[in-house]
Amino acid sequence: MENITFLGLPLKTLIIVGGLFLISALSPTIVAIILNLRKESKNE
Amino acid sequence: MKLDIENKILIPFVILVILPIIILGIVSYLGGYEILMDNENKNLRIRLDDSIEFIHLHNRYLYDRSINDETKKNEVINYFKEKNYNGMFILENKEIIFDTIESKKDFSMELMKKILDQRRGLIKTKDGFITFENYDAWDWIIGYKVVRKSFTQDLLDIQKYTILVAIIFSIFSVQATIFISHNISKPIKTLADNCNTISIGNFKKRIDINRKDEIGILAKSFNNMINKLQNSTDNLLEMKKFNENILRNISTGIITTNEKGDIVSINEAAIKILEYKSVNQLENGKLMNEILKEQLKNTLINEISINKMYTFNGIGNEKLYFDVTTSLLVDEDKNISGAICSINDITKRKKIESRIERINRLTSLGQLAAGLAHEIRNPLAGMKTSIQVLKNRFKETSTTSSKQLFDSTLYEIDRLNSLISELLDLAKPHYPKYENTNIVCILNKSIDLVKKGIDEKKINTDISIEDEDCIAFIDKAQIEQVFLNIITNSIKAVGQHGMLKIIISNVSNEKGDFIIIKFKDNGCGIKEEDVDKIFDPFYTTEPQGTGLGLSVVHKLVTENNGEIEVESAVDIGTEFIIRLPMGRSEANEEKGFNN
Amino acid sequence: MNKFIIYLIYFTLYTFLLLWVGKSGFKKTNNIRDFYVAGNSLGLFKSIFTFTATWFSAASMQGLTGTLFAYGYSAILFSVIGWFFGAALLVLVANRLKEYDVLTVPEYFKYRYDSKLLQAMGGLVITFSYVLYIIIQIRGFGIVMSELLDIHYTIAILLIHLFVIYTTFGGLFSIANTDKLNFILIFIGTTLAMYMILKDVNGIINMHREASMIATKPFESFPDQTLKGGLLDPFAKGLQPPVIMIAGFFGWGLGLAANPQYAIRIVSAKNKKVAIKMICFSVLILSIIYVNIMIIGIGARVLVPAVGIIDSMDEIFPYIINNVIYSKLSGLILISIAAAAISTANSQLLILASGFSYDIYKNLINPKVGEEKFLNINRIIIFIAGTVSLIMSVKPPESLLSFGADIWGIFTVTFFIPLYGGLYWKKATKKGAIYSFFGGCITMVIFHLMNQHDVISLGIVINKSIHPAFYGFMVASLLFYLVSIVTYKGEDVENEAGYRK
C-alpha cells in the first residue's frame, strides 16, 4: 500500500488528507441539505 | 452623469492635492536627472582630456624612435581596447577605426558629418549625448557616446523612496479628502433627502440632524416650518373633510362644473339620482343628465340662475318630481369659475301637497254640500208633506196616472232626501270609536252583505291572508262601510266572471305598524286623468251614482289614521291599497289613551 | 523594466482601486445598521465575496503556505479541515440567528438571555482578542509589503493604516465592496502562483516525487528537520501526531463556528436562505483556493528545499514569489497576499469597533447616544484599535504570538456554547450562559499558561499537546448544562422569552 500513489501522492495521504478535505468542504452543504429535508418533513 | 455635492467637493480637491505632489515628484526626478547628466558629462570630459593627453604623450614619446605612425596608432588603439571605456570611439578620415558603442543604429552619416564639421564639442542625440575632441596631429577625432538608459537605473535607485513617499502621501491625501468631503456633504445630503421625502408628502418625517452649525440651524428651522405647515394642512384637511361630509350626506344632489360645462365634482346624492333616473325619461324623451347639461349650459351662457321642476315617469304609474336649480359659481373677485347645480327630489313633498289639496277640496265641498243639504231638506220636508196631503185629497178623484205622478214625486223626494242624508253624513263630524278589530271578520261581513251582487256576476273572490296578525285599531262600523263601498265599486267595475282579489298583509315603516288591505279587480279601470278625481264628491262615471261612495271611503280611512292609494289602468283593473294602523297591545292601548 | 517600478505600479493601481471601490460605502451608510451589517441588505454574491475575503486571511495565505512548506500535507489536517467543519456548524447558526434582529453577536446574548452583562462580556472578549487577531494580519501585511516595496518591515506595517482604516471607516458597505476586489485578487494571485510553481516543478507528479525525497531543515532557525517522505505523510512521519486533529477542531473549528466575524456575515445577509447559501458556496470556493495553497506550499519546498535567509515560515510565500519564481506578474501575486491580510483586517477592525462601542459603550454607558455621534465614536475606536495593533505588531513578543494563536480558541470556550445552546436548547438559562462563559474562559487561560508551543506561525500554532480550548470547551459545556438545568423554571417564564424558533 505504501507504494501505491496517485499523482505521485501516497494513497494513505490521499485518503486521510484528501478524503477529509473533501468531506469537510462539502460539510456545510450537507448540513444545509439535511436542514432543508427536516424542514420539509416537518411541513408535511 | 450629474455630480452630487460630495463629488463636487471631492474631485477638485483630489486634483488640487495630487497635482502638486505629482509635479513635485516630476520636478525632483528631472532635477536629479539633470544633476546626474551634468556629472556624467563632466566625468566624460575629464576622461576625454585624459585620452587626448595619452595619445599626445604617446605620439611625442615615440617621436624620436623612427617608428611609423601606423604602429603608434595601433598601439594606442590596443591600449584603449584593453581599457574598454564604454561608449568610446575614434574617427579617422570619416571612418570609425575604433569603437565600443553597443548600438550603432543611430550613429548615422548625418551625425558623423556633424562631428567632422564641429571637430570638438558636445552633440545631443535622441537617446543620450556625444562628447568629442580632435587630435589634429593624426587627424583623429576621439569621442564618447552616452546612452541615457545607462543611468536612469541609477536614478531610480536614488529616487525610489521619493516616489514612494509621493505616492503614499497622495493616497493619504486622497483618503483624507474623501473623508472630509463626505463629512461636509453628508448632512447636506441628509437634509436634501429629508426635504425630498417631505416634499413627496410624508409630513410625519422630521430632519434628524443634531448640529450646532448652519446646517443644524437650517434643519431646525426646516422642522419648525414643517410643523407649521402640517398644522395648517391638518386644519385645511379637516375643513375639507367636513365639507366633503356635508356634500356626501346631504340629500340634495350637487354638481359643479367648470366654465366650459365639464363636470368638476359630483356628490353621492347626485350620482344616485342620475344613476337611478337615467333610465327614466322625461315625457319628451330626454334623459335627466341631458336636461341638467342643457340647463347648466343655459346658466353659463346667459349668466343667470335657473330654477325648473321636472317630472319623470317612475316605476309603474309613479311620478317623480325634481327641482333643479342651476346658478353660477362666482368667486370673491366676481370671476365666474363655473356653475353649480342642485337637484332636489321633491316627489314626496309633491305627494303630500296633492293630498292636502285633496283634503281641502273635500272639506270645502263637504261643507258646501252640507249647507246646501240642510237648506234643501226643510223645504223638501214641506214639499213631501204637501204632496202627501195633496195625494190624500185627490184620492178619490184622481186618475191612475195622477196617482202614479204623486207616487213618483214622492219617490224622487225620498231619493233626494236620502241623497241629502248621505251628504250630511259625509260632512257631519264623526267621533270614531277605535278598538282592536279583526280585519278578516269585517271583510267577511262586508262580502256577505254584497253576496247577491257577487253571485249575480259570478265573480271569483279570493282572500289571501299573508300575515297572521290581522288586528287593526279602528272604528269597526266605519271600516265596514269602507270595505263595502270598495267591494261594491269593484263589483260594478268587473264584468261577468270577473275577479276580485283581496290580500291582507303587514308592514312596518317609520310611521308605525300597518295592516295593508289590497283590493285588486280586473274591471274596466280608471282613466289616468281621472285617477286623481275619484275621491272627489259627486265625481262619478255612472249615471245612477251619487259620486259619494269613494269620498266617504277616503274620509273614513283618513279618520281612522289610515291611508288609501289607488292604482289603475284602463281595461286591466284597479287596485285599492288601504293601510290601517295595527292593533295595539294593552300597554300601548293605555298609553295611547293617555296621550 | 525595473522590478521596483513594476511593483510600484501594482501597488499604486491597487491602492487607488481600493480607494475608488471603498468610497461608495460612505454614501450608503446612513445609520449604525448600515455601518455594522450593511443594513442587512447583502445579496448572495456580495455575501460570498465578503465571507470568503474575510475568511482568507494572512493565516491562510502566508501562515498555511509556510506550514505546508515546513511540514507538508499534515498541515491541512489540523487547519483547513477543522475550519470547514466549523463552517458547517455556522449553517446551524444561520438557520436560527436570522430570527433575531441583532447588530452584533453579543447583542444576541442580551436578547436571548436578557443579560446586559453577557453582552458587555462578549464585547470585551471581542475587543481583546481582535486586537491580537489584527496583529496577525498586520504582520502578514508588513512582511509582504517590505518585499514588495523594498522597505523595512516597521515602515511597511505603517502602510496598513492607508488601507484598513479607510475601508473600515466606510462601514460594512465599504468593506463588502473592497472585499469583492480583494477576493478576486486573492483568487487570481493564488491561481497564478500555483500555475507558475507547477510549471517550475514540472507538474504535480514530479513535484510529489521530489517532495518525497526532501530531508532537510526548511530554513536555518527552524527546530525540526523534515524526515524523508514526511512532506507527503498525513502526520509528517510523527512530527505532527494525530492528536493535533483535536487541536484543529477545538481550537479553530469550534472557534470559527462561534467567531463573530463569520456570524455577523449571517446577520448582514439579506435573508436566511442567502446566509446558508453564502456559507455553502463560500466553503466550496475556498476549497479551490486551498488546493492552490497546497500546491504553492509543497511546490515551493521542492523548488527550495532549504531557504537560507528567512527567519519564519510566514516569509516563505512572498520570498518565493519575489526571488525564486520572479516574473512580471509577481507584483500581482504579492499584492494579492497583502489583499488577504487587508480584507480580513478591516472586517476584524469593524467587529472590534462594534464590540467596544456597541456592546460595551452603548450597552452600559450611554444607551441614548445619537446616531451620527455614535458613528464617529466607532470611527475613533477603529483608529485607536488599529493604531494599538499596529504598535504591538512592530516587534510582537514571542509570547504574544503564541497567545494570539491560542486565542482562536477563545470563542470556542466563551461564545460557542451560549450561542448554539441558546439557539437550539429551549431550556438554556441566563445563569447557565454566564457560568459557561466565565468558566470556559478561565479554564482556557489556565491551560494556556501550562501549555507548550513548538512553532508559531501567523495564527497557526502547532501544539504537541491538546489545545487549551479543548478543556475550556468541556468545562463550558458542563457548566452550561448543569446550571441551566438547575435554574430553569419551566415553560412560559422569563428565561424562555428570548428563545425563538
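Letters A, B, ... are given to chains in the order of the sequence lines, protein chains preceding strands, and every chain is numbered from 1.
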Knowing that exactly one of F26(C), Y166(C), F169(C) qualifies, which makes a ring-ring contact (aromatic ring centres under 6.0 Å, His included) with H182(B)? F26(C)
Measure D4(B) against the heavy atoms of chain C and call it side chain, backbone, both or neither at under 4.5 Å. side chain
Aromatic ring centroids of Y14(C) and F163(C) under 6.0 Å? yes
Parallel, tilted or perpendicular: which one describes the rings of Y36(C) and F374(C), with boundaries at 30° and 60°? perpendicular
Pair count under 4.5 Å, heavy atoms only, with chain C: among F172(B), F179(B), Y161(B), highest is F179(B)
Select one option (side chain, backbone, both, neither) describing which atoms of I167(B) are under 4.5 Å from chain C's heavy atoms. side chain
Examine whether an atom of L159(C) lies under 4.5 Å from a heavy atom of chain B, and if so say whether it belongs to the side chain, the backbone or both; otherwise answer neither. side chain
Using 30° and 60° as the class boundaries, would you call the ring planes of F383(C) and H161(C) parallel, tilted or perpendicular? tilted
Would you mind checking which part of K27(C) comes under 4.5 Å of any heavy atom in chain B, side chain (CB onward), backbone (N, CA, C, O), both or neither? both
Mind ranking L18(C), T12(C), D150(C) by heavy-atom pairs under 4.5 Å with chain B and telling me who comes out on top? D150(C)
When you look at CZ of F13(B), are more than 12 heavy atoms from neighbouring residues, nucleotides or ligands closer to it than 6.0 Å? no
